[in-house]
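Below is one structure, written out as structure tokens; the observations come after it.
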Amino acid sequence: MSQQPEENNDAIADYVRRAEHNTARVPSIPEGIAFSPIKTAAVIGAGTMGSGIATNFLNAGVSVTLVDTNSEALSRGLATIERNLQGAVKRGLITEELAGQRRALVKGAPRIEDVSGVEIVIEAIFENLALKRQVFEQLGRHTASSTILATNTSTLDLNEIVAASGRPEKGVGLHFFSPAHVMKLLEIVRGRETSSETVAACLDLAHRMRKTGVVVGVGFGFVGNKMLLDGYFREVELMLLEGCSPADIDRAMTSFGFAMGPCAVSDMAGVDIAYLIRKELFQKETRPDPYLVVSDALGELGRNGMKSQKGFYRYDPSDRTPHPDAEVDALCEKLAADRGIMRRTFTEEEIVERCVLQLVNIGIQLIDGGLAARPSDIDAIWLNGYGFPRRRGGPMYYADDLGLPKVLERIETYHSRIGEVWRPSPLLKRLVGERRDLNSLNIA
Ligand SMILES: NC(=O)c1ccc[n+]([C@@H]2O[C@H](COP(=O)([O-])OP(=O)(O)OC[C@H]3O[C@@H](n4cnc5c(N)ncnc54)[C@H](O)[C@@H]3O)[C@@H](O)[C@H]2O)c1
């Protein structure tokens, strides 16, 4: 795939700036809409995400009540917030005095009833629909009718969760990424009945948290994780069956500009996490085989990644260096043989092309389906949440740079060679037919 020439760098930097700026200008929300800026908040669930989300509120000068029904979890969550503040002081990001002011804005509480006076509640409890609905039903009773009720769910149906509150117009998804106090991306998920005022207040909140807030629609994985799982990771796993090793793929994607390759990322995040997400997914919808079958097999073997010293790679104790593992190669060979898939060698160019063009094709489908408002929003998501190389402008910019006729021609080639998962998106065909590029859809 093409290398961007040096002289393009300024144009790309300018595009990225505009893409990130324009996420706050949502076509479906009237400019200048009146909303109440949020000054008080509560977070339900003091775990990994809840403590990071609460830290963001403090950084934005918003007072926050952190609630957990488990008193040990609550103490741990408050201690994590304290560590986050001290870490910021140590790195010279804030003064000790500012840390003190922020510390004074947080308090812990054991019951949902304790959040009655706040302007926004973000729920970050276990990923379980019945439990989340129970919390939203309680929130509907114990908060004011003006309170925004948000969920940090990553896989469950937002509409079903917020309906339990009886106030779906105030219900919204705020999809933070881990670590929540560090990652720049915030997907703001607009439900069927979410009001424009609610979305506007969340966009303002994202800005005050110094995050790139991008409004997306409801669907599996929203925008970022849909492209990650059904596009990028599925293609990676297919290539593992077709003859690539994890190291081949990671090497190709890091040469393209990602800080880490997909297999190393999975090992770091925990192979089991995605395995559990898939179990949940398959209760509602299916995917044609082979879909992340290597990860499934690793999950079944308890090869959960770095934390178990085995995943796509092998790790020595207390060392994060990934080492190729012949057991994984043998596993991939077996999974391929079971499916009659021939193994061969790949060039780096082909690996990159298949990963990136899957992102492009699914991204265009999401625009066509209304889950993403425009291509530049998708680029903002992939640059801020998934480490897509900035110097490439994002997957949608990159597709325009290659030229959509070439993109379509390559996708059609893979469609005839590999099958349905490569069917070109109808919007891509339309754009090529009209001699337009993706940028022509970037209405501000
Ligand atoms: N971990 C991630 O990388 C990540 C990323 C994005 C979104 N999410 C989503 O964020 C949510 C939280 O994930 P996590 O990893 O922080 O979970 P976690 O297990 O670390 O924390 C969940 C906390 O919720 C508390 N809790 C459970 N039921 C409760 C209730 N009824 N009332 C009050 N507190 C309750 C638990 O005691 C626990 O401390 C999930 O919906 C998850 O899908 C997680």
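Everything numeric here is computed off the predicted structure, so don't read it as measured data. FYI, the numbering just counts along the sequence from 1. Start at 1 and go down the list; that is how both ligands and their atoms are numbered.
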Distance-only side-chain donor-acceptor flag, [X] / [Y], under 3.5 Å:
X: S376; Y: D379; result: no
X: S51; Y: R83; result: no
X: E127; Y: T155; result: yes

Taking non-hydrogen atoms within less than 4.0 Å of ligand 1, which protein residues qualify?
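If the criterion is a heavy atom under 4.0 Å, then ligand 1 touches I44, G45, G47, T48, M49, D68, T69, N70, A73, A124, I125, F126, E127, K132, V135, N152, T153, S154, H175, F176, S178.
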
Cut-off 3.5 Å, no hydrogens considered: what does the side-chain donor-acceptor table look like for residues 258-269, sequence neighbours left out?
unit_1: S266; atom_1: OG; unit_2: P262; atom_2: O; d: 3.1
unit_1: D267; atom_1: OD1; unit_2: F312; atom_2: N; d: 2.8
unit_1: D267; atom_1: OD2; unit_2: F312; atom_2: N; d: 3.2
unit_1: D267; atom_1: OD2; unit_2: Y313; atom_2: N; d: 3.0
unit_1: D267; atom_1: OD2; unit_2: Y315; atom_2: OH; d: 2.7

Could you go through residues 229-236 and list every donor-acceptor pair under 3.5 Å that involves a side-chain atom there, pairing it with any protein atom two or more places apart or in another chain?
unit_1: D230; atom_1: OD1; unit_2: R287; atom_2: NE; d: 3.1
unit_1: D230; atom_1: OD1; unit_2: Y291; atom_2: OH; d: 2.6
unit_1: D230; atom_1: OD2; unit_2: K226; atom_2: NZ; d: 2.8
unit_1: D230; atom_1: OD2; unit_2: R287; atom_2: NE; d: 3.0
unit_1: D230; atom_1: OD2; unit_2: R287; atom_2: NH2; d: 2.9
unit_1: R234; atom_1: NE; unit_2: D230; atom_2: O; d: 3.1
unit_1: R234; atom_1: NH2; unit_2: D230; atom_2: O; d: 2.8
unit_1: E235; atom_1: OE1; unit_2: Q358; atom_2: NE2; d: 3.3
unit_1: E235; atom_1: OE1; unit_2: W422; atom_2: NE1; d: 3.3
unit_1: E235; atom_1: OE2; unit_2: R354; atom_2: NE; d: 2.7
unit_1: E235; atom_1: OE2; unit_2: R354; atom_2: NH2; d: 2.8
unit_1: E235; atom_1: OE2; unit_2: W422; atom_2: NE1; d: 3.3

Applying side-chain contact (heavy atoms from CB on, under 4.5 Å) to L93 and not counting sequence neighbours gives A88, R91

